[in-house]
There are 2 protein chains.
Amino acid sequence: MLKNHIGRKPLMFPKPTLERLKLYYALLLTENKDYISSDEIAKRLKITPEQVRKDISHLNITGKPKVGYHIPSLLGELSELFGISVTDNIIIVGAGGLGSALARYKGFEKIGVKVVAIFDNDSEKIGTFVGELMVLPLSDLQRVVKRFKVRIAAICVPEESAQEVTDLLVEKGIKAIWNFAPAILHVPSGILLENEDITRGILSIKHMLDKKG
Amino acid sequence: MLKNHIGRKPLMFPKPTLERLKLYYALLLTENKDYISSDEIAKRLKITPEQVRKDISHLNITGKPKVGYHIPSLLGELSELFGISVTDNIIIVGAGGLGSALARYKGFEKIGVKVVAIFDNDSEKIGTFVGELMVLPLSDLQRVVKRFKVRIAAICVPEESAQEVTDLLVEKGIKAIWNFAPAILHVPSGILLENEDITRGILSIKHMLDKKG
DNA sequence: TAGATTGTTAATCGATTAACAATC
DNA sequence: TAGATTGTTAATCGATTAACAATC
């Protein structure tokens, strides 16, 4: 299978590698030195330096022996890998606590994400403001998706209506669903589904607190 | 190394298995049949039936040939595995959008989690209510942790103060940090750290939307 | 130069998948 | 019984780790 561009590194990354690359990005953003060694990255993230080097070897970047990796270049590569320099307009469906918090989240800007609208079907909420956004009825969905070329939608509705909302979003042309409802959703093939169910993290914590010595 | 109890299954699960077991739990909660086959679980979650059987084989439960797995028993086992039947009192630090949303989240009850307090250091927020909880100053931390035997704390403060808050929580006896700040935190060994950084999910989406054909 | 650090190949490890016997 | 489905062992696959040559 053809996975490479000429002169470029492979576009397919092992999933664990991709997850670690996100951590490198977060870490490097807080560094103000010019260079960092695989050893230092490894220490901060509690992994091995070999793994760091292997991960970075997937990118179009080389480090300098005795010096390490040039942080701005590394950030640039990672930024391109995750498409951070291109801003995606996203919408949020569900103006409850979680949806509203998400709509006001300040960290989106620096990863190339902009919330352009928030929707709800509760007439009490429609017309009220969440930050600078007015809550819109779902009948405005199609217009907004077209106008702002929205490809990504966050679902922050109760479990019961999550599938219904998903179907509607897909019908209106949404390409990726970012699901915050604790529901197992079905999407047509070709549509991306990313589950952000918040209960998962604390289940891991409960499990490990109980089972360890 | 001793990993087994007499007559019990191993307590160590491969991490990917543990993640899938959470999905099985979520899925089975919505089923109202008595039995389900590995094939059906697999279809719903888009994995293979062999994997489902292998995962379930880690539990103290056996299925019935021709019938499948008894759903209530499976739920019971998973509930025990994740310590759902024992309620953990947790606290939230940071009464901003995300912290407040978390404090009001309705889904905690059914996984054995109860939010007993929310803290902030902003005097404007202290004394106001988030749902039924009054926002408390951090000087009340020690008292609350002791009184409610709190082992788990969610961090919903800005990146800049996340480490400082972490240190304080650990000092006051917290055993697990559930970190919602996009920060790389350091914790002493023996303290559990679970990162729930919300930007990670959408980075995956952006990456995959851009790189796929 | 000597030494530190990268980059890559080979070896190991662990998880997934395949195959099939056991069983209801 | 025949057939469907579980449970487990063996084979495969893919990711991590180890080793070391390349290089600044």
Side-chain angles (χ1 to χ4, degrees), chain A residues 1 3-4 7-24 27-28 31 33-75 77-78 204, chain B residues 1 3-4 7-24 27-28 31 33-75 77-78 204:
Chain A
M1 201 215 306
K3 286 185 190 166
N4 294 12
R8 296 235 102 202
K9 290 281 180 166
L11 292 175
M12 292 283 286
F13 291 73
K15 203 172 157 64
T17 293
L18 211 56
E19 290 305 311
R20 284 190 301 268
L21 289 172
K22 291 182 200 171
L23 293 178
Y24 304 165
L27 175 67
L28 295 177
E31 290 290 332
K33 292 178 301 185
D34 273 356
Y35 285 87
I36 191 167
S37 69
S38 57
D39 216 64
E40 186 172 351
I41 296 178
K43 280 215 179 63
R44 302 273 259 111
L45 300 176
K46 302 210 173 93
I47 56 181
T48 68
E50 293 83 359
Q51 185 143 73
V52 173
R53 294 203 296 275
K54 184 82 177 221
D55 288 341
I56 292 176
S57 77
H58 290 97
L59 304 171
N60 287 297
I61 201 178
T62 62
K64 286 190 190 167
K66 279 196 81 166
V67 180
Y69 299 93
H70 187 232
I71 293 181
S73 308
L74 203 38
L75 280 172
E77 275 296 313
L78 291 169
S204 284
Chain B
M1 201 216 304
K3 286 186 189 166
N4 293 12
R8 297 232 101 203
K9 290 280 181 164
L11 292 175
M12 291 284 285
F13 290 74
K15 202 173 158 63
T17 295
L18 211 56
E19 290 305 311
R20 284 189 300 269
L21 289 172
K22 292 183 201 172
L23 293 177
Y24 303 165
L27 175 66
L28 296 177
E31 289 291 332
K33 294 178 300 186
D34 274 356
Y35 286 87
I36 192 168
S37 68
S38 56
D39 216 64
E40 187 172 350
I41 295 178
K43 280 215 179 62
R44 302 272 260 114
L45 299 176
K46 303 210 173 91
I47 55 181
T48 67
E50 294 82 357
Q51 185 143 73
V52 173
R53 295 204 295 277
K54 184 82 177 220
D55 288 342
I56 292 177
S57 77
H58 289 98
L59 304 171
N60 287 297
I61 200 176
T62 62
K64 285 189 192 169
K66 279 197 79 165
V67 181
Y69 300 93
H70 187 232
I71 293 180
S73 308
L74 203 38
L75 280 172
E77 274 296 312
L78 291 169
S204 284

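Just so we're on the same page: letters track the sequence lines, and every chain starts at 1. Bear in mind the structure is a predicted one, so any value in this text is a computation, not a measurement. Both backbone and side-chain heavy atoms feed into the values below; hydrogens, waters and symmetry mates do not.
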For this session: Would you mind classifying the nucleic acid contact of A:Lys66 as base, sugar-phosphate or nothing, using non-hydrogen atoms under 4.0 angstrom?
Result: base
Problem set entry | Phosphate contact (D:dT5 OP1 or OP2) by B:Ser37 side-chain N/O below 4.0 Å | no
For this session: May I ask you to evaluate whether B:Thr48 reaches the phosphate of C:dT17, defined as a side-chain N or O under 4.0 Å from OP1 or OP2?
Result: yes
For this session: Using whole Å, report how far CG of B:Leu74 lies from P of D:dG7.
Result: 10 Å
Problem set entry | d(CD1, A:Ile71; P, C:dT6) in whole Å | 12 Å
For this session: Give the rounded distance in Å between these two atoms: NZ of B:Lys54 and P of D:dT6.
Result: 15 Å
Exercise. Taking for each residue the nucleotide of DNA chain D with the nearest heavy atom, is it B:Val67 or A:Arg20 whose nucleotide lies nearer the 5' end?
Worked result: B:Val67
For this session: Tell me which of A:Glu50 and B:Pro14 sits closer to the 5' end of DNA chain C, going by the nucleotide each one is nearest to.
Result: A:Glu50
Exercise. Does A:Gln51 place a side-chain N or O at less than 4.0 Å from the phosphate oxygens OP1/OP2 of D:dT17?
Worked result: yes
For this session: Rounded off to whole Å, could you give me the NE2-to-P distance for the A:His58 and D:dG14 pair?
Result: 13 Å
Exercise. Should B:Tyr35 be listed as having a side-chain N or O under 4.0 Å from OP1 or OP2 of D:dA4?
Worked result: no
Seminar exercise, completed: Which of A:Lys54, A:Arg53, A:Gln51 passes side-chain contact (heavy atoms from CB on, under 4.5 Å) with A:Ser38? It is A:Arg53
Exercise. Does OP1 or OP2 of D:dT17 have a side-chain N or O of A:Arg53 closer than 4.0 Å?
Worked result: no
Exercise. Between A:Ser204 and B:Lys22, do the side chains contain an N or O donor and an N or O acceptor separated by less than 3.5 Å?
Worked result: yes
Exercise. Between D:dT5 and B:Ser38, is there an OP1 or OP2 to side-chain N/O distance shorter than 4.0 Å?
Worked result: no
